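Computed from a predicted structure; not experimentally measured. Chain A is the first sequence line, chain B the second, and so forth, proteins listed ahead of strands; every chain is numbered from 1.
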Protein chains: 2
Amino acid sequence: MTSTLALAELPQLDRRTLADTAYEALADLLAAGRLAPGDRLSLRQSAAALGVSVMPVREAVSRLVADGVLEVAPTRAIRVPIMTARDFRALAETRMAIEGMAAARTAEHRSKADLAAIRRAEAAFRAEAESAEPDRTRAVRLNRDLHFAIYAACGLAPLQEVIARLWLKAGPVINLDLRAHPERLLQGFALRRHAEALVAIEARDGPAAAAALAADIREAADFILSRGGLRDA
Amino acid sequence: MTSTLALAELPQLDRRTLADTAYEALADLLAAGRLAPGDRLSLRQSAAALGVSVMPVREAVSRLVADGVLEVAPTRAIRVPIMTARDFRALAETRMAIEGMAAARTAEHRSKADLAAIRRAEAAFRAEAESAEPDRTRAVRLNRDLHFAIYAACGLAPLQEVIARLWLKAGPVINLDLRAHPERLLQGFALRRHAEALVAIEARDGPAAAAALAADIREAADFILSRGGLRDA
DNA sequence: GCTAGTGATCTGTGATCACAGTTTGAGTGA
DNA sequence: TCACTCAAACTGTGATCACAGATCACTAGC
């Protein structure tokens, strides 16, 4: 027998299927706002673009449909759901409630290491937002990183997964808007709320952390709704 | 042109794909506890049992895997995830937080019609639980109906979907236990909490409704954990 | 000039086949 | 009686084909 000890240290290489890869590619497209609400998606075209057969794309799309990130129209066409203003408001309210709760738990349970990670993420976002020529794409990613640094510290894995799904669903609307109006993210709205959240988490003040996160989400949602890009309920 | 008025009244016939049907069939199996944690699932056997090719089953399974209700083992075998006691506790805590919140919203926003529906659901469950020879399967379904009557009235569709997913994930563990020990559901634990929730919703007392739901979930989880059927973390 | 119809081309859905990797169990050896 | 071997049967994954229905550009008829 060969050295079991040495072999045990080999990292378990994850066998990614083509479907997994396709899923990530599509999810990225959606999260980045490259696929706008109402856009149609063709299995064959996507497959050709990814250089695979339709099978893996089919599986990826069926997962995204299950998540509500894509939908099959009554005509069987696959498209990005067109959210009404009412839908978007309900999604934002759900996020405020759930993400606020996660932030509160983090504030109460956080370790020093958690706090340090959150501090780093906050600083990274701040640096990008306050730089002379902020990179939009980068800022979006850093904003996401900060939020999930907070949620990751809440200690409840299922809660984190739930939030990730909600973000995926809100992604197209939020980031499409951001592409059109990059000024929002970089004008201090978010910065203030992030700072408040950080202070609350430092002070182990759950309710304050929840309030800061909820305000962050509400302000972004209100901004998008005020722009009137969404269809009425 | 033919009579547009008459045509408008035709019910939009929903085109269910075989994959949809397969998904429901498998989800039912899981929710009913017929598929226990650790059990393997073969695509071809399932397809044969459903009388279709593997394609629709594949799609259904890929959705369930995305939901975390099934998993693909490193050997590529599909099976029901074996939840550790730690996992189960985290899931229960997440449910307590989210479902409690939904119940609180319902208490605050409910209409008279909502309240009537919840009352009916509570009475139906009570009748079954207090009957001389309660039907286990029926009781499980009525319990679920009651919970979702409460969540449906919270006014937030995305929140409801989140909860449905959490139930699907917890289903195998909970209902497997219930199959083995039917006495739990029928010994008044749940009945008391349901009554408390109903009173709180009637009184528009959000916090009390949240507490009642959380207690209901916690007690069921504690009972299962105390039985020691789950693997240690 | 405008509408109804028509056919080519696209769509997603489902079945079937091919393949590489895994599991299993019977057979063989000590 | 036990451990090992090896082949047959199974596993999920991916590609390909078949099909019914939806689109869309275009033309015939009014």
Side-chain angles (χ1 to χ4, degrees), chain A residues 1-2 4 7 10 12-26 29-30 35 37-82, chain B residues 1-4 7 10-26 29-30 35 37-82:
Chain A
M1 183 182 278
T2 52
T4 319
L7 290 179
L10 280 176
Q12 171 126 326
L13 44 87
D14 48 341
R15 272 190 286 199
R16 304 166 54 75
T17 64
L18 290 184
D20 291 335
T21 312
Y23 178 87
E24 284 187 20
L26 291 178
L29 233 56
L30 285 158
L35 249 45
D39 281 1
R40 292 225 307 245
L41 194 72
S42 158
L43 291 186
R44 286 175 173 82
Q45 284 176 25
S46 309
L50 291 168
V52 297
S53 86
V54 294
M55 276 300 319
V57 180
R58 247 171 104 166
E59 202 170 309
V61 165
S62 86
R63 284 188 221 170
L64 289 165
V65 169
D67 286 346
V69 186
L70 291 177
E71 70 175 7
V72 295
T75 65
R76 283 189 173 170
I78 294 169
R79 65 178 178 198
V80 184
I82 359 180
Chain B
M1 182 184 279
T2 53
S3 166
T4 320
L7 290 181
L10 280 177
Q12 173 126 327
L13 42 87
D14 50 337
R15 274 188 286 196
R16 303 169 53 74
T17 64
L18 290 184
D20 291 335
T21 312
Y23 178 87
E24 285 187 19
L26 292 179
L29 232 57
L30 285 159
L35 250 44
D39 281 1
R40 291 226 305 248
L41 194 72
S42 157
L43 292 186
R44 285 175 174 81
Q45 283 176 24
S46 308
L50 290 168
V52 296
S53 85
V54 293
M55 275 301 319
V57 180
R58 245 170 104 166
E59 202 171 310
V61 165
S62 85
R63 285 187 220 170
L64 289 165
V65 168
D67 287 347
V69 184
L70 292 177
E71 69 176 9
V72 295
T75 64
R76 282 191 173 169
I78 294 170
R79 65 178 179 199
V80 185
I82 333 183

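Counting only heavy atoms from C-beta on, A/Val52 has its side chain closest to D/dA15 among D/dT11, D/dA15, C/dG12.
Place B/Pro56 and B/Arg40 on DNA chain C by their nearest nucleotides, and B/Pro56 ends up nearer the 5' end. Checking A/Leu18 against A/Ala77, the closest nucleotide of DNA chain D that is more toward the 5' end is the one next to A/Leu18.
Between the CD atom of B/Glu71 and the P atom of D/dG12 there is a distance of 14 Å, given to the nearest Å. Here the C1' atom of nucleotide C/dG12 and the CE atom of A/Met55 are 12 Å apart, to the nearest Å. The distance from atom CZ of B/Arg76 to atom P of C/dG21 is 8 Å, rounded to the nearest whole Å. Atom CG in A/Leu43 sits roughly 13 Å away from atom C1' in C/dG14 (whole-Å rounding). Going from atom CG of A/Leu41 over to atom P of C/dG12 covers 8 Å, rounded to whole Å. Atom CZ of B/Arg44 is separated from atom P of C/dT23 by 15 Å (rounded to the nearest Å). D/dG14 atom P lies 14 Å from atom CD of B/Glu59, rounded to whole Å. C/dT11 atom P lies 16 Å from atom CZ of A/Arg79, rounded to whole Å.
Put simply, the side chain of B/Arg58 does not reach to within 4.5 Å of the side chain of A/Arg58, judged on heavy atoms. Counting only heavy atoms from C-beta outward, the side chains of A/Val61 and B/Glu59 never approach each other to under 4.5 Å. Looking at A/Leu64 and A/Leu30, their side chains come closer than 4.5 Å, going by heavy atoms from C-beta outward.
The shortest distance between the side-chain N/O atoms of A/Gln45 and the OP1/OP2 oxygens of C/dC10 is not below 4.0 Å. Under 4.0 angstrom from either OP1 or OP2 of C/dT16 there lies no side-chain N or O belonging to B/Ser53. For B/Thr75, no side-chain nitrogen or oxygen approaches OP1 or OP2 of C/dT22 to under 4.0 Å.
Note that CG of B/Leu50 is 9.0 Å distant from OG1 of B/Thr21, once rounded to the nearest 0.5 Å. Separating the OG atom in A/Ser53 from the CG atom in A/Leu18 is a distance of 8.0 Å, to the nearest 0.5 Å.
Contact annotation: side chain of A/Arg58 to base of C/dG14, donor-acceptor pair present below 3.5 Å.
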